[in-house]
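Here's the structure, in structure tokens; my notes come after.
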Amino acid sequence: MKQYISQFALLVSDYDEAIEFYTKKLHFKILEDSKINEFKRWVRIMPPGSSEMNCHILLAKAVGETQEKAVGNQTGGRVFLFLYTDDFERDYQNLIDQKVKIFRDRSIEEYGKVVVFEDLYGNLWDLIEPKTP
């Protein structure tokens, strides 16, 4: 049996502001932006350098009080997403240049270089350059 995670939903308050953040500040690419109905869109994004066979993020506009409360806190304040890079210094500098909020400054750990940053809603991300064996 072969299985993989194709995509996951990330709750957002607004499609366009989320697209703006991820494409302008993190340089993600839009894979799809299709209108489903008057209120719903199917918006898929991926980090630069990923392929369409990798896992993607589906930006899902929060609907109703329960979902709206979960925007930015889908994991109860824990790091939610892990973005691997081949050039930590380049991507760390981009976060600084784009004024992305750094939650925990960069450090060198057993597994590599890491910094924890927040997206526009407060979700925590690890930016990691893994140690090479």
Side-chain angles (χ1 to χ4, degrees):
M1 176 185 286
K2 183 177 180 180
Q3 298 179 333
Y4 65 96
I5 295 174
S6 165
Q7 59 195 1
F8 62 91
L10 177 64
L11 289 171
V12 300
S13 295
D14 179 83
Y15 291 116
D16 293 324
E17 73 180 8
I19 289 169
E20 175 85 10
F21 176 84
Y22 288 107
T23 62
K24 302 292 187 218
K25 295 190 180 274
L26 300 183
H27 308 292
F28 281 31
K29 298 183 185 329
I30 298 174
L31 287 171
E32 183 177 359
D33 186 354
S34 303
K35 187 174 181 177
I36 303 296
N37 60 40
E38 184 180 345
F39 306 103
K40 187 175 181 177
R41 288 159 56 184
W42 189 258
V43 180
R44 297 184 312 132
I45 60 173
M46 69 178 192
S50 292
S51 78
E52 291 199 33
M53 296 304 295
N54 295 120
C55 185
H56 307 121
I57 300 173
L58 174 69
L59 300 178
K61 188 173 187 305
V63 177
E65 186 178 337
T66 301
Q67 289 182 17
E68 289 168 2
K69 285 181 181 178
V71 171
N73 192 27
Q74 293 183 96
T75 59
R78 293 188 61 110
V79 170
F80 176 39
L81 300 155
F82 300 82
L83 181 63
Y84 278 45
T85 179
D86 63 348
D87 188 336
F88 182 86
E89 296 306 322
R90 173 198 64 214
D91 294 337
Y92 176 78
Q93 189 60 51
N94 180 67
L95 295 175
I96 300 303
D97 294 346
Q98 296 295 329
K99 298 180 176 33
V100 173
K101 185 174 180 186
I102 303 300
F103 182 81
R104 187 170 40 246
D105 207 4
R106 60 185 169 179
S107 62
I108 298 176
E109 305 296 336
E110 275 184 40
Y111 51 85
K113 297 177 186 176
V114 63
V115 64
V116 181
F117 69 93
E118 292 184 13
D119 69 14
L120 75 163
Y121 298 113
N123 292 302
L124 297 178
W125 290 67
D126 270 0
L127 172 68
I128 300 171
E129 181 181 339
K131 270 190 183 171
T132 52

Residues in salt bridge (Lys or Arg N to Asp or Glu O under 4.0 Å) contact with Asp14, at least two apart in sequence or another chain: none
Hydrophobic cluster identity match, Leu58 and Leu26, side-chain contacts under 4.5 Å: no
Partner residues of Lys25 under the salt bridge (Lys or Arg N to Asp or Glu O under 4.0 Å) criterion, sequence neighbours left out: none
In Å and rounded to the nearest 0.5 Å, what is the CG to NZ distance from Leu127 to Lys113? 10.5 Å
Stepwise, does the side-chain contact (heavy atoms from CB on, under 4.5 Å) test hold for Ile30 with Tyr22? CA-CA 9 Å; Ile30 298 174; Tyr22 288 107; over 6 Å; no
Evaluate side-chain contact (heavy atoms from CB on, under 4.5 Å) for Ile102 paired with Ile96, printing each intermediate quantity in order. CA-CA 8 Å; Ile102 303 300; Ile96 300 303; 4.0 Å; yes
Answer yes or no: does atom NZ of Lys40 have more than 12 heavy-atom neighbours from other residues, nucleotides or ligands under 6.0 Å? no
Would Tyr92 and Asp105 satisfy side chain to side chain donor-acceptor pair (under 3.5 Å), going step by step from the backbone distance to the final call? CA-CA 10 Å; Tyr92 176 78; Asp105 207 4; 2.8 Å; yes
Which residues pass the side chain to side chain donor-acceptor pair (under 3.5 Å) test with Thr132, not counting sequence neighbours? none
Might you point out which heavy atoms bring Ser107 and Glu109 nearest each other, and give the distance in Å? OG-OE2, 2.7 Å
Throw together a table of side-chain donor-acceptor distances under 3.5 angstrom for residues 5-13, partners on residues two or more places apart or in other chains.
none

Would Asp126 and Leu83 count as a side-chain contact (heavy atoms from CB on, under 4.5 Å) here? Give the steps. CA-CA 6 Å; Asp126 270 0; Leu83 181 63; over 6 Å; no
Who are the side chain to side chain contact (heavy atoms under 4.5 Å, CB included) partners of Thr66, not counting sequence neighbours? none
Under 30°, 30 to 60°, or over 60°: which ring-plane class applies to Phe28 and Trp125, parallel, tilted or perpendicular? perpendicular
Any pair counted as side chain to side chain donor-acceptor pair (under 3.5 Å), so long as it reaches residues 67-79, sequence neighbours left out: Glu65-Lys69
Lys101 side, atom NZ; Leu95 side, atom CG - distance, nearest 0.5 Å: 14.0 Å
Does the side chain of Asp119 reach to within under 4.5 Å of the side chain of Phe80, using non-hydrogen atoms? no
When rounded to the nearest 0.5 angstrom, what is the spacing between CD in Glu32 and CH2 in Trp42? 7.5 Å
Taking the hydrophobic residues Ile, Leu, Val, Met, Phe, Trp and Tyr, and joining any pair whose side-chain heavy atoms are under 4.5 Å apart, which ones share a cluster with Met46? Leu31
Any Ile45 side-chain heavy atom under 4.5 Å of Lys29 side chain: no
Rounded to the nearest 0.5 Å, what separates atom CG in Leu81 from atom CD1 in Ile57? 5.5 Å
Assess whether side-chain contact (heavy atoms from CB on, under 4.5 Å) is satisfied between Ile36 and Arg41, documenting all intermediate values. CA-CA 5 Å; Ile36 303 296; Arg41 288 159 56 184; 5.5 Å; no
Got a sec, which residues hit ring-ring contact (aromatic ring centres under 6.0 Å, His included) with Phe21, two or more places apart in sequence or on another chain? none
Quick one: list whatever passes side chain to side chain donor-acceptor pair (under 3.5 Å) with Asp97, sequence neighbours left out. Gln93
Tyr121: what forms a ring-ring contact (aromatic ring centres under 6.0 Å, His included) with it, not counting sequence neighbours? none
The reported gap from CZ in Arg90 to CD in Glu129 (rounded to nearest 0.5 angstrom) is 9.0 Å
From Asp91 CG over to His27 NE2, what is the distance, rounded to the nearest 0.5 angstrom? 8.0 Å
Suppose clustering is done on Ile, Leu, Val, Met, Phe, Trp and Tyr with side-chain heavy atoms closer than 4.5 Å. Which residues sit in the same group as Val114? Val79, Phe82, Tyr84, Phe103, Tyr111, Val116, Leu124, Ile128
Can you name the residues that form a salt bridge (Lys or Arg N to Asp or Glu O under 4.0 Å) with Arg106, not counting sequence neighbours? Glu89
